[in-house]
Amino acid sequence: MCWSGGREAEGGGLLNRYRVEKPYRGFESLPLRSREARACARLRDKGTGAWRRLGDRGRLTETAARPLSQRRRQAPVPLSRSAQTRALPDPDYLASSMSSLTDSPRVRFAPSPTGYLHVGGARTALFNWLFARKFHGQFLLRIEDTDKARSTDDSTRAIFEGLTWLGLDWDEEVVYQAQGLERHQHDAHALVDRGFAYRCFCTAAELDAQRTAATARGESFRYDRRCDRLSPDRVQQRLSTGDPFVVRFRVPNGTTSWDDVVHGPIAFPNKDIEDFVILRSDATPIYNMAVVSDDIAMAITLVMRGDDHISNTPKQILLYDALGHALPQFAHVPMIHGLDGKKLSKRHGATAVADYRKEGILPSAMVNFLALLGWSPGGDREVMSRDEMIALFSVDGLQKKAAVFDTKKLEWMNGQHLSLTPAAELEPRVTPDVISAGLATADELSERREWYLSLIELLKVRARTVHDIVRQAGPYFPGPLTYDDEAIVKQWKDRAGSHDVLAAVRKCLSELARWDSATMEEALRTIAETRGVAAGKIFQPLRLALTGMTVSPGIFDVLVTMGRDLSLRRIDDAIHFLEVDQHLLT
RNA sequence: GGCGGUAUCGUCUAGGGGACCAGGACGGAGCCCUCUCAAGGCUCAAACACGGGUUCGAAUCCCGUUACCGCUACCA
């Protein structure tokens with residue numbers, strides 16, 4: 001496997017619901033971990049570590065009501081200063097902790113501009129946005145453009161456009177990670193100065209060789225910290241020689257854990273984390289360093305991102321602690337997969353939100369569908385407006401397992417939104433397509449706006465995408481009609497008979513005093529009766545004459561919407577077509 | 001390999017020890033409505049990964065197994 005691709009910051013991923021009382025396995029056995037520790041604060045295992053408040057916002061929050069009783073039971077075991085300080089089961093405490101997650105929250109969406117905005121990223125953004133809007137906090141946007149080789153302005157633009165189309169508006173100025181370079185470096189150097197990190201002079205080639213050798217031996221490779229054992233003099237010497245170096249974080253002994261808003265307690269033994277690089281030899285920061293530095297600078301209170309970042313989290317927590325900063329809450333949402341259960345990729349067809357926009361999906365439907373991938377308001381609610389989703393949103397409804405992107409359901413959802421959305425709101429989405437399809441000009445549409453809206457109203461019910469509406473709309477505009485071949489075979493099989501029927505219908509309709517549904521229905525059904533045939537034998541040939549297709553809205557709605565002049569003209573055209581065609585055949 | 005995460009119909013999910021021979025939705029099959037197609041209404045098929053526990057009682061709690069996913073980089 002090659003690594004040329006690289007990942008995409010935190011633009012992907014999804015989530016899960018978290019249950020407070022679901023203890024996670026092994027929880028009890030971990031040193032500092034006790035339910036109460038979880039309730040009070042996250043523990044730090046590093047040597048220096050004093051406890052830091054943190055767990056105060058998090059999972060107990062919204063679900064505090066239920067866990068309360070349990071918590072009360074399991075309270076004991078304190079020992080840590082902080083645990084003792086906090087009267088645990090105190091309702092007031094719980095109340096305050098409940099508010100911290102949702103009290104003026106600041107969340108962010110942090111994609112890397114290395115491609116289009118894909119549905120996974122869009123959903124992560126959506127969850128963050130819903131959370132911010134629900135709890136009246138801020139939703140920030142940070143472009144992680146530190147990988148200059150892969151970042152492009154086009155990608156950044158695509159992210160803006162995608163979010164804007166979805167209606168996910170962000171607060172404050174967009175933050176570009178690359179512009180925080182000096183702060184990143186400052187923070188990294190501060191860690192060196194304070195003894196939390198050290199310079200490593202090993203070259204990438206040396207490390208690769210060691211890694212390869214270890215792999216060959218069937219062992220897993222972990223940096224052996226050889227440079228951490230360099231004497232100060234030796235370090236100075238190499239520094240003065242100008243030897244290139246990276247900065248590595250010195251991972252302390254112990255265990256790093258946090259109470260994930262979605263997953264509950266998660267713990268990583270520090271021995272499994274190697275001394276990771278935080279500054280490259282060119283002095284640019286590595287992802288984890290930049291993210292932590294930025295999230296602190298942006299005062300982020302809840303980091304909600306794809307669960308592919310779970311294993312980055314302990315490193316970041318270590319960084320927060322070393323930097324002496326309180327932790328934000330972490331919520332890791334599940335990924336989105338394709339129908340085959342594999343990570344969503346181009347193989348699965350459209351994965352960019354822009355693709356769905358092109359395919360005639362409404363943003364409201366896309367947002368609704370995406371929200372349901374990894375989140376549920378509980379019960380049977382499915383079709384929801386943006387405001388309803390905001391009102392209903394809760395981290396309790398977040399899912400833990402990956403969701404499969406099912407285009408069929410998206411289309412159904414879009415059909416629902418199409419039906420529910422007033423024509424006047426649909427009009428701006430439909431009009432560009434109507435115009436580009438050459439059906440009418442913008443002026444013509446605005447001149448007949450009322451009629452145009454009634455046409456959209458008529459067609460939207462049986463449409464699943466905006467394109468379906470446009471496709472059906474053609475016949476109602478003056479342009480020439482093309483008869484569907486199969487429809488001709490089916491409905492005009494008896495050409496002479498069809499000609500005869502249409503002529504009768506034409507005569508009848510043209511003599512009508514009023515062009516309304518009831519009048520026409522009575523007249524046409526009379527024709528059927530007179531001829532002793534089923535009404536369908538009249539309606540179907542007529543439908544083909546009017547629309548060129550075998551399917552359309554109810555025939556009287558078609559006649560009314562199409563109007564007297566156009567309808568009669570279309571019937572004349574059909575009659576003419578049948579005459580000419582007959583001559584050709586005979 | 002190591003570490004971490006996850007596991008209810010094909011898919012999205014409800015479910016928080018008894019209300020579950022597991023509910024809703026998409027998709028599928030069929031019926032109704034009906035001038036066609038949608039929409040709508042109704043019906044059917046379809047799931048608690050497996051194995052042990054705990055309990056009077058487990059889809060729900062615990063342990064293990066299996067499977068899948070993620071991370072394991074001077075990418076993000």
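Within every chain, numbering begins at 1; the chains are lettered A, B, ... in the order of the sequence lines, protein sequences first and strands thereafter.
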Exercise for the section: Look at all strands and tell whether Glu206(A) reaches a base, only sugar-phosphate, or nothing, counting heavy atoms closer than 4.0 Å. Expected result: nothing
Problem - Proximal nucleotide (of C74(B), C12(B), G4(B)) relative to the Ile266(A) side chain - result: G4(B)
Practice task
Could you walk me through whether Glu522(A) and Arg525(A) pass the salt bridge (charged side-chain N to carboxylate O under 4.0 Å, His left out) test, one step at a time?
Solution key: CA-CA 5 Å; Glu522(A) 189 185 341; Arg525(A) 285 193 187 280; over 6 Å; no
Completion exercise
Side-chain atoms of Asp380(A) come closest, of C26(B), C74(B), G23(B), to G23(B)
Practice task
Rounded to the nearest angstrom, tell me the gap between atom NE2 in His417(A) and atom P in C26(B).
Solution key: 13 Å
Problem - P gap between C62(B) and C68(B), integer Å - result: 24 Å
Exercise for the section: Give the nucleotide from the list C12(B), A73(B), U36(B) with an atom nearest to the side chain of Arg543(A). Expected result: U36(B)
Exercise for the section: Determine the Euclidean distance between corresponding C1' atoms of U60(B) and U13(B); express it in Å to zero decimal places. Expected result: 16 Å
Handout entry: N-O pairing of Lys408(A) and Asp406(A) below 4.0 Å
Key = no
Exercise for the section: Considering just the side-chain nitrogens and oxygens of Gln416(A), establish if one lies under 4.0 Å of OP1 or OP2 belonging to G40(B). Expected result: yes
Practice task
Determine the contact category for Val277(A): base if any of its heavy atoms lies under 4.0 Å from a base atom, sugar-phosphate if only primed atoms, P, OP1 or OP2 are that close, otherwise nothing.
Solution key: sugar-phosphate
Exercise for the section: Spell out yes or no: do the side chain of Ser281(A) and the base of C74(B) have one donor N/O and one acceptor N/O closer than 3.5 Å? Expected result: yes
Exercise for the section: Scan Gly554(A) against the nucleic acid and name what it touches under 4.0 Å (heavy atoms): base, sugar-phosphate only, or nothing. Expected result: base
Exercise for the section: Using whole Å, report how far OH of Tyr223(A) lies from P of C74(B). Expected result: 11 Å
Exercise for the section: Please determine, for the side chain of Arg464(A), which listed nucleotide (U36(B), U13(B), G27(B)) has the closest atom? Expected result: G27(B)
Practice task
Check every strand shown and say whether Pro314(A) touches a base, only sugar-phosphate, or nothing at a heavy-atom separation below 4.0 Å.
Solution key: nothing
Exercise for the section: Considering only atom C1', compute the distance from G24(B) to C9(B) and round it to an integer number of Å. Expected result: 12 Å
Exercise for the section: Answer with base, sugar-phosphate or nothing: what part of the nucleic acid does Ile555(A) contact at a heavy-atom distance below 4.0 Å? Expected result: base
Problem - C1' gap between C37(B) and G18(B), integer Å - result: 48 Å
Completion exercise
Contacts of Arg525(A) and Asp272(A) projected onto RNA chain B by closest heavy atom; the upstream (5') one is Asp272(A)
Exercise for the section: Answer yes or no: does a side-chain N or O of Arg222(A) lie under 4.0 Å from OP1 or OP2 of G1(B)? Expected result: no
Handout entry: Side-chain heavy atoms of Tyr198(A) within contact of Asp275(A), under 4.5 Å
Key = yes
Practice task
Provide the Watson-Crick or G-U wobble partner of A14(B), both distances under 3.5 Å; none if there is no partner.
Solution key: none
Problem - Counterpart base for A7(B), defined by Watson-Crick or G-U wobble contacts under 3.5 Å - result: U66(B)
Exercise for the section: Would you classify Val246(A) as touching base, sugar-phosphate or nothing, given that sugar-phosphate means primed atoms plus P, OP1 and OP2, and contacts are heavy atoms under 4.0 Å? Expected result: base
Practice task
Classify the ring geometry between Phe369(A) and Phe405(A) as parallel (under 30°), tilted (30 to 60°) or perpendicular (over 60°).
Solution key: perpendicular
Practice task
Go along nucleotides 42-50 of chain B 5' to 3' and tag each nucleotide: B for a protein heavy atom under 4.0 Å from its base, S when only backbone or sugar atoms are that close, - otherwise.
Solution key: ---------
Exercise for the section: Identify which one of Val558(A), Thr547(A), Thr561(A) satisfies the side-chain contact (heavy atoms from CB on, under 4.5 Å) criterion when paired with Pro475(A). Expected result: Thr547(A)
Exercise for the section: Could you check whether Ala204(A) gets within reach of a base, just the sugar-phosphate, or nothing at all, counting any heavy atom under 4.0 Å? Expected result: base
Handout entry: Arg462(A) and Asp468(A) ion-paired at < 4.0 Å
Key = no
Exercise for the section: Just call it for Arg381(A): base, sugar-phosphate, or nothing, with non-hydrogen atoms closer than 4.0 Å on any strand. Expected result: nothing
Exercise for the section: Compare the minimum distances between each of C37(B), A7(B), G5(B) and the side chain of His263(A), then state the nucleotide with the smallest one. Expected result: G5(B)
Exercise for the section: Looking at every strand, decide which applies to Glu382(A) at a 4.0 Å heavy-atom threshold: base, sugar-phosphate, or nothing. Expected result: base
Handout entry: 5'-most by nearest nucleotide on RNA chain B - Asp145(A) or Lys408(A)
Key = Lys408(A)
Practice task
Just call it for Asn312(A): base, sugar-phosphate, or nothing, with non-hydrogen atoms closer than 4.0 Å on any strand.
Solution key: base
Problem - Lys/Arg-Asp/Glu bridge criterion (N-O < 4.0 Å) met for Glu388(A), Arg381(A) - result: yes
